[in-house]
Amino acid sequence: MKLYSTRNPKHIVSLQEAVFKGLADDGGLYLPTEIPVFEADFFKQIHQMHLQEIYLEVAKKWIGSAVPETELRKIIKRVFYFDIPIVQIHDNIFTLELFHGPTLAFKDVGAGFMAGLMAYFIKDQNKEINIVVATSGDTGSAVAAGFYDVPGINVFILYPKGKVSPLQEKQLTTWGKNIKAVEVEGTFDDCQALAKKLLSDRALNTQINISSANSINIARLIPQSFYYFSSYADLKLFGNSFAYSVPSGNFGNLTAGLLAKKMGLPIDFFIAATNVNDVFPNYLQTGTYTPKPSVETISNAMDVGNPSNFERMMDLYPEFEKLKQNIKSKHYTDDATRVIIKEVFEKYSYTMDPHGAVGYLALRDKIKELGVEVGVFLETAHPAKFKSVLDSTLNTSIEVPERLNVFDSKPKVAIPIRNNYDEIVQIIKVVNGI
Ligand SMILES: *Cc1c(COP(=O)(O)O)cnc(C)c1O
């Protein structure tokens, strides 16, 4: 597998380099130089395959000989120990529940697979790797879960003091071992600035290996394509034409779906569902891309004003008309999101989280005009992660699964720092024994 930078097609790297770099030096994102395509026969018998076999076939198709099959099999087994079920909501509307992993959100899939690939690639290096991640809440915990106890890798999670929910803070600070939570006196943007400075600090990077784990890493998109294939295997008996509605922020999940389609998966349409951070639906309507500052909403993981995967989407769809034909998009307010959460709960006894609810809304609004037989929306997080929104919307107290309570009972361990670069460098040096 070879990858190029979206800003320079001649800048070609190995999978290993793309995984450790995350972002290319020229600021571009990595995409495969060639997208492999499955034969039609593969899709004829896909519903007879075991889930992990589907994941393995897709992984092999992407990765080729860059990682041996036995290793891929191990990584897949370790990451996908949980289900990714399809649930019928009503009629021809289904949801793909991506929230059964360790931190109850789909980011577990990408983070776990990336950790597995990195652990494999560093086996033949004798340096430890330091993963730095800035988080406003959820990404950090998924990365912690993915990298927990992986040999040769230290993880530094930078989070803004007092600006994550109490439960999120517990999910960031109760791991121990190779996971270090760093509580920064500042905002998320301050954390991100510190992380960026660490990654580009040449002097420091000659002494120790520093890498990022943010959502632009191609190692996260690869496994996110798997569940489009496996869900298709479950759904093909329900119809012959498909629309997938993807609640989107940085558009990583949607881009993984577009890659699956390019690999031959017969998905007819994608629906990019957003909250009032509507840069993408605006782009489809006007043909002009205008990033803007993000606005806070109840589906906060989608509060993105300049989606990082936009560059990848532009490369996958160089023709605007074709993009418009394959991808529909619509945005929704918090009020509309709350109304639909209540409606679906009362009518169909299904509890959606605010992100999935935006996906449902867009699917319900678009499915008729698209004329497809089967519609799926991605449920990207467990509703209990947004308990206060759900409780106030449904006038009840929703149940919190045991997996989330586990974090609550453990003590918080975090290293407090000021918003000061030297302090974070010092911590990393101490952990690395220099
Ligand atoms: C990250 C996230 C999203 C947005 O996913 P992208 O790949 O960034 O578009 C949606 N829902 C939840 C719950 C998330 O954590």
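Just follow the structure's listing: the first ligand is 1, and inside any ligand the first atom is 1. By convention here, the first residue in the shown sequence is residue 1. A quick note: this is a predicted structure, and the numbers were derived from the prediction, not measured.
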Please step through ring-ring contact (aromatic ring centres under 6.0 Å, His included) for the pair F113 and F226, ending with a clear verdict.
CA-CA 11 Å; F113 194 84; F226 299 172; 5.6 Å; yes
For K107, atoms of ligand 1 separated by under 4.0 Å from a heavy atom:
1 (C), 2 (C), 3 (C), 14 (C), 15 (O)
The closest protein heavy-atom partner of atom 4 (C) of ligand 1 is G249 N, 3.6 Å
State, with a plain yes or no, whether a side-chain heavy atom of Y244 is found less than 4.5 Å away from one of L235.
yes
Ligand-side contact atoms (ligand 1) for residue partner A381, heavy atom cut-off under 4.0 Å:
13 (C)
Which atoms of ligand 1 are found less than 4.0 Å from any heavy atom of N253?
7 (O)
Geometric N/O contact F106 with ligand 1, under 3.5 angstrom:
no
Could a heavy atom of P247 be found less than 4.0 Å from some atom of ligand 1?
yes
Does the N or O separation between Q224 and ligand 1 drop below 3.5 Å for any pair?
no
Any donor and acceptor pair, going by atom type alone, linking the side chain of S141 with main-chain N or O of L172 inside 3.5 Å?
no
Any N or O on T380 sitting closer than 3.5 Å to an N or O of ligand 1?
yes
With a 4.5 Å limit on heavy-atom distance, are the side chains of V358 and T274 in contact?
no
Y317-N326 side chain donor-acceptor pair, cut-off 3.5 Å
yes
Return yes when F99 approaches ligand 1 closer than 4.0 angstrom through a heavy atom, no otherwise.
no
Go through ligand 1 atom by atom and flag the ones less than 4.0 Å from a non-hydrogen atom of N250.
6 (P), 8 (O), 9 (O)
Distance in Å, H355 NE2 paired with S299 OG, rounded so as to fall on 0.5 Å steps:
5.0 Å
Quick check: F251 and ligand 1, any N/O pair under 3.5 Å apart?
yes
Heavy-atom pairs closer than 4.0 Å: do any link ligand 1 to the side chain of M302, the backbone, both, or neither?
side chain
Do K180 and V431 come close enough that some side-chain heavy atom pair is under 4.5 Å?
yes
ring-ring contact (aromatic ring centres under 6.0 Å, His included) partners of residues 165-201, not counting sequence neighbours, each pair once:
Y148-W175, W175-F407
Just jot down the ligand 1 atoms closer than 4.0 angstrom to any heavy atom of G252, in number order.
6 (P), 7 (O), 9 (O)
Can you find a pair of side-chain heavy atoms, one from M313 and one from L254, that are under 4.5 Å apart?
yes
